[in-house]
Amino acid sequence: VQLQASGGGLVQAGGSLRLSCAASGRTFSNYVMGWFRQAPGKEREFVATISWNGGNTLDADSVKGRFTTSRDSAKNTVYLHGNSLKPEDTAVYYCAAGRRFRTSGAEYDYWGQGTLVTVSS
């Protein structure tokens, strides 16, 4: 499956974002979709994941209550909505597709190219 992430940019602290990840090539609904991010000089970290039918989601503690993820099977797209953004949310955000509802990046088989989100203070 091919993944194309978009929607990054410069956001002021306290602002919001919506990232999109469009999937193509295989049956989108067969996959768990995850969001990860990597800040400058840091390791990649889990952000959120959503089950194949959207019925279950899991968010990292660092974004819980501020970020939500959703998916639209008709559009083969998964979204990451963020509110109350903080400078520490600055990172390249990646979407990924896998077979298991997991928080480890190793469980995901396909990755998008990443989209940069910069939160200014």
Side-chain angles (χ1 to χ4, degrees):
V1 60
Q2 290 79 46
L3 302 174
Q4 181 74 35
S6 61
L10 179 63
V11 183
Q12 287 191 334
S16 61
L17 63 79
R18 188 185 82 159
L19 304 182
S20 301
C21 176
S24 62
R26 290 180 182 262
T27 305
F28 176 68
S29 59
N30 287 347
Y31 291 90
V32 171
M33 298 299 295
W35 287 97
F36 295 79
R37 67 186 182 184
Q38 187 166 19
K42 295 187 177 181
E43 293 187 353
R44 183 181 63 195
E45 66 173 357
F46 166 75
V47 176
T49 186
I50 185 166
S51 62
W52 63 275
N53 64 354
N56 291 298
T57 61
L58 181 64
D59 303 319
D61 288 343
S62 58
V63 304
K64 197 165 293 184
R66 300 188 299 120
F67 286 25
T68 60
T69 187
S70 61
R71 64 193 296 163
D72 185 337
S73 294
K75 296 182 178 179
N76 285 355
T77 301
V78 62
Y79 303 98
L80 182 69
H81 305 260
N83 295 308
S84 302
L85 290 174
K86 306 175 182 179
E88 50 264 45
D89 293 319
T90 294
V92 176
Y93 284 72
Y94 298 90
C95 58
R99 295 289 190 174
R100 296 183 176 186
F101 190 72
R102 296 289 189 271
T103 62
S104 169
E107 296 285 352
Y108 292 81
D109 303 311
Y110 304 97
W111 292 80
Q113 85 288 359
T115 185
L116 176 63
V117 174
T118 303
V119 183
S120 63
S121 57

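Numbering of residues begins at 1 and proceeds along the displayed sequence.
Paired with Val117 under the rule side chain to side chain contact (heavy atoms under 4.5 Å, CB included), one option of Leu10, Leu19, Val92 passes, and it is Leu19.
Tracing side-chain contacts under 4.5 Å through hydrophobic residues (I, L, V, M, F, W, Y), one reaches Val119 starting from Val47; they form part of the same cluster. Under a hydrophobic clustering in which Ile, Leu, Val, Met, Phe, Trp and Tyr are joined whenever their side-chain heavy atoms come within less than 4.5 Å, directly or via other members, Trp35 and Tyr79 fall into different clusters. Both Tyr94 and Phe101 belong to a common hydrophobic cluster when Ile, Leu, Val, Met, Phe, Trp and Tyr are linked at side-chain heavy-atom distances under 4.5 angstrom. One hydrophobic cluster, built from ILVMFWY side chains closer than 4.5 Å, cannot hold both Leu80 and Tyr108; they sit in different ones.
Nearest approach of Ala13 to Pro87, heavy atoms of both residues: CB-CD, 4.2 Å. The nearest pair of heavy atoms linking Thr115 to Ala5 is CG2-CB, 4.2 Å. Across all non-hydrogen atoms, the minimal contact from Val11 to Ser16 is CG1-O, 3.7 Å.
With a 4.5 Å cut-off on side-chain heavy atoms, Gln12 and Leu85 do not count as touching. Between Met33 and Leu3 the shortest side-chain heavy-atom distance falls below 4.5 Å. By the 4.5 Å heavy-atom criterion applied to side chains, Thr69 and Val78 are counted as neighbours. Counting heavy atoms from C-beta outward, Val1 and Phe28 have side chains that stay 4.5 Å or more apart. In this structure, the side chains of Tyr110 and Tyr31 come closer than 4.5 Å at one or more pairs of heavy atoms.
Lys64 is linked by a salt bridge (charged side-chain N to carboxylate O under 4.0 Å, His left out) to Asp61, counting only residues two or more places apart in sequence or in another chain. The side-chain contact (heavy atoms from CB on, under 4.5 Å) check on Gln2 picks up Ser24, with sequence neighbours excluded.
The list of salt bridge (Lys or Arg N to Asp or Glu O under 4.0 Å) pairs with a residue in residues 80-91, not counting sequence neighbours, reads Arg37-Asp89, Arg66-Asp89.
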Original post:
Does the pair Thr68 and Thr57 meet the rule for a side-chain contact (heavy atoms from CB on, under 4.5 Å), with working shown?
Top reply: CA-CA 8 Å; Thr68 60; Thr57 61; over 6 Å; no
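By the 6.0 Å contact criterion, CD on Gln113 is enclosed, its count of non-hydrogen atoms from other residues, nucleotides or ligands being greater than 12. Other residues, nucleotides and ligands contribute over 12 non-hydrogen atoms within 6.0 Å of the CZ atom of Arg44.
Phe67 and Tyr93 have tilted rings, their planes meeting at an angle from 30° to 60° on a 0 to 90° scale.
Rounded to the nearest 0.5 Å, atoms CZ (Arg100) and CG (Asp109) are 10.0 Å apart. Glu45 contributes atom CD, which lies 11.5 Å from atom OG1 of Thr103 (distance to the nearest 0.5 angstrom). Note that the CG atom of Leu116 and the CD atom of Gln38 stand 11.5 Å from one another [nearest 0.5 Å].
Listed for the Arg71 side chain is a donor-acceptor partner under 3.5 Å among the backbone atoms of Ser51.
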